[in-house]
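Sequential numbering from 1 along the given sequence is applied to the chain's residues.
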Amino acid sequence: MHPEAKNEKEVQIDTTVQEKNITFPTDAKLAKKVIDNCAKIAEKEGVKQRQTYKRVAKQHLRDAYFGHHPKRKKKAIMARKKLRTIGKRVVRELERKLPEEILKQYETEFSNYKKVLTQERNSKEKIYSLHEPQTACIAKGKAHKAYEFGTKVAVTRGRKTGVITSIKRFSGNPHDSKTLEESLAQSQRVREQIGGTRPTIASTDRGFRGVTQVENTQIVIPKNTKEKSRYKQDVARKRFRARAAIEPTISHLKRNHALGLNFLKGVAGDINNALLAGIGYNLKMRFNHIKAQFILCLEFLMHIFANVFLIKNLKTQKVSF
């Protein structure tokens with residue numbers, strides 16, 4: 001659809017966060033979900049619990065709300081501790097009572113439950129959602145949203161054509177410079193399928209500092225150096241002003257092509273949602289090109305018909321001088 005993008009020398013790369021459709025994670029909510037899930041497993045496997053804690057856990061969750069208020073702080077801390085204690089108690093009870101064959105089927109779930117109930121503020125590889133354990137907490141320095149819960153996505157866009165040749169999902173929260181190799185490799189695969197070549201220049205922002213070359217591609221980052229000539233300074237200024245065009249592209253992907261909130265499940269859902277967003281963006285761009293060409297043809301035909309109609313009218317009328 002976009003053959004002019006296959007041999008484009010320069011591309012622009014930037015990263016964004018593809019948020020997952022989960023509730024804001026707190027220790028109390030996660031512990032409450034562990035207790036509820038354990039009750040469902042016990043009911044499904046026919047295990048009789050000493051106590052389900054449904055009513056008690058619900059009340060403790062209410063008590064844990066608004067813990068930042070001075071009058072509620074002590075009560076909220078005690079409620080969070082109690083929820084964790086109950087969660088550990090319920091998990092241990094199921095591990096004792098379930099047969100070994102059935103227990104192996106729930107090995108991953110119980111491992112996640114224990115991790116949720118024991119993780120602290122400074123723990124690494126924390127779990128923020130029980131049904132989406134691959135979700136990571138990513139801080140992008142935004143004033144209106146300090147933290148986003150989802151996965152990091154790198155977008156590669158042609159400088160002149162604006163066509164997205166790569167949109168890659170990454171697990172965890174890697175540094176932006178660590179995403180360059182895989183993003184450029186995916187862009188190369190896509191372009192080579194239609195007889196294209198690998199991009200030779202990739203312009204990025206300062207978040208990608210630390211890498212200057214990836215295979216045959218030069219990574220260009222804005223730098224304040226006094227050694228450049230006036231001509232080189234003007235070239236760099238134009239390049240990085242043009243690089244800013246990737247920001248509205250990411251905004252369109254998020255607002256119009258479902259990259260802003262991912263409703264698909266699991267790692268496969270993260271990968272497919274990002275790819276489909278990029279495909280939809282390129283399709284819409286192509287449809288807009290076709291629409292513009294169609295309108296141009298219509299205007300040309302209308303101009304011809306108007307001229308023919310005017311000539312016929314002039315021939316039928318008697319002009320006197």
Going by distance alone, is a donor N or O of one side chain under 3.5 Å from an acceptor N or O of the other, for [X] and [Y]?
X: Lys152; Y: Thr179; result: no
X: Ser203; Y: Arg243; result: no
X: Glu109; Y: Asn37; result: no

Contacts of Phe300 that satisfy ring pair (Phe, Tyr, Trp, His ring centres under 6.0 Å) - sequence neighbours left out: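 Phe300 satisfies ring pair (Phe, Tyr, Trp, His ring centres under 6.0 Å) with no other residue.
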All ring pair (Phe, Tyr, Trp, His ring centres under 6.0 Å) counterparts of Phe149, not counting sequence neighbours: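 Per chain and number, Phe149 pairs via ring pair (Phe, Tyr, Trp, His ring centres under 6.0 Å) with Phe24, Tyr128.
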Less than 4.5 Å apart, side chain to side chain, heavy atoms only: is that true for [X] and [Y]?
X: Lys265; Y: His131; result: yes
X: Asp14; Y: Phe208; result: yes
X: Arg191; Y: Pro199; result: yes
X: Thr204; Y: Leu180; result: yes
X: Thr161; Y: His2; result: no
X: Asn173; Y: Cys137; result: no
X: Ile219; Y: Leu184; result: yes
X: Glu8; Y: Val163; result: no

What pairs with [X] under salt bridge (Lys or Arg N to Asp or Glu O under 4.0 Å), at least two apart in sequence or on another chain?
X: Lys284; result: none
X: Arg62; result: none
X: Lys145; result: Glu19
X: Lys32; result: Asp36

Sidechain-backbone polar pair: [X] side chain, [Y] backbone, donor-acceptor under 3.5 Å:
X: Lys33; Y: Ala28; value: no
X: Thr85; Y: Lys81; value: yes
X: Arg72; Y: Asp63; value: yes

More than 12 heavy atoms of other residues, nucleotides or ligands under 6.0 Å from [atom1] of [X]: is that the case?
X: Lys115; atom1: NZ; result: yes
X: Lys29; atom1: NZ; result: yes
X: Gln49; atom1: CD; result: yes
X: Lys58; atom1: NZ; result: no
X: Glu125; atom1: CD; result: no
X: Asn216; atom1: CG; result: no
X: Arg198; atom1: CZ; result: yes

Between [X] and [Y], is there a shared hydrophobic cluster once you connect ILVMFWY residues whose side-chain heavy atoms come closer than 4.5 Å?
X: Ile127; Y: Ile41; value: yes
X: Leu253; Y: Val190; value: no
X: Ile167; Y: Met285; value: yes
X: Ile138; Y: Ile22; value: no
X: Leu275; Y: Tyr281; value: yes

Verdict with supporting geometry, Glu132 and Gln134, side-chain hydrogen bond (donor to acceptor under 3.5 Å, both in side chains): CA-CA 6 Å; Glu132 296 289 351; Gln134 80 281 358; 2.7 Å; yes
Run the side-chain contact (heavy atoms from CB on, under 4.5 Å) test against [X] and tell me which residues pass, sequence neighbours left out.
X: Glu182; answer: Lys168, Phe170
X: Lys142; answer: Lys140, His144, Glu148, Lys254
X: Met1; answer: Leu283, Arg286

Rounded at 0.5 Å granularity, tell me how far [atom1] in [X] sits from [atom2] in [Y].
X: His60; Y: Arg84; atom1: NE2; atom2: CZ; answer: 14.5 Å
X: Leu83; Y: Leu61; atom1: CG; atom2: CG; answer: 6.5 Å
X: Leu98; Y: Leu103; atom1: CG; atom2: CG; answer: 6.0 Å
X: Leu30; Y: Tyr113; atom1: CG; atom2: OH; answer: 11.5 Å
X: Arg159; Y: Lys9; atom1: CZ; atom2: NZ; answer: 12.5 Å
X: Leu94; Y: Glu45; atom1: CG; atom2: CD; answer: 9.5 Å

Those residues that, when tested against Ser166, pass side-chain hydrogen bond (donor to acceptor under 3.5 Å, both in side chains) (two or more places apart):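 In terms of side-chain hydrogen bond (donor to acceptor under 3.5 Å, both in side chains), with neighbours along the sequence ignored, Ser166 is linked to Gln186.
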Under the side-chain hydrogen bond (donor to acceptor under 3.5 Å, both in side chains) test, residues paired with His289 that sit two or more places apart: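 Checked His289 against side-chain hydrogen bond (donor to acceptor under 3.5 Å, both in side chains); zero matches.
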Pairwise salt bridge (charged side-chain N to carboxylate O under 4.0 Å, His left out) hits with a residue in residues 91-105, at least two apart: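 Pairs touching residues 91-105 that pass the test: Glu93-Lys97, Glu95-Lys114.
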Heavy-atom closest pair, residues Val91 and Cys38: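 Smallest interatomic distance, heavy atoms only, reads CG2-SG, 3.8 Å.
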Salt bridge present between Asp270 and Arg169 (N-O < 4.0 angstrom):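 Judged by the 4.0 Å cut-off on N to carboxylate O distance, Asp270 and Arg169 do form a salt bridge.
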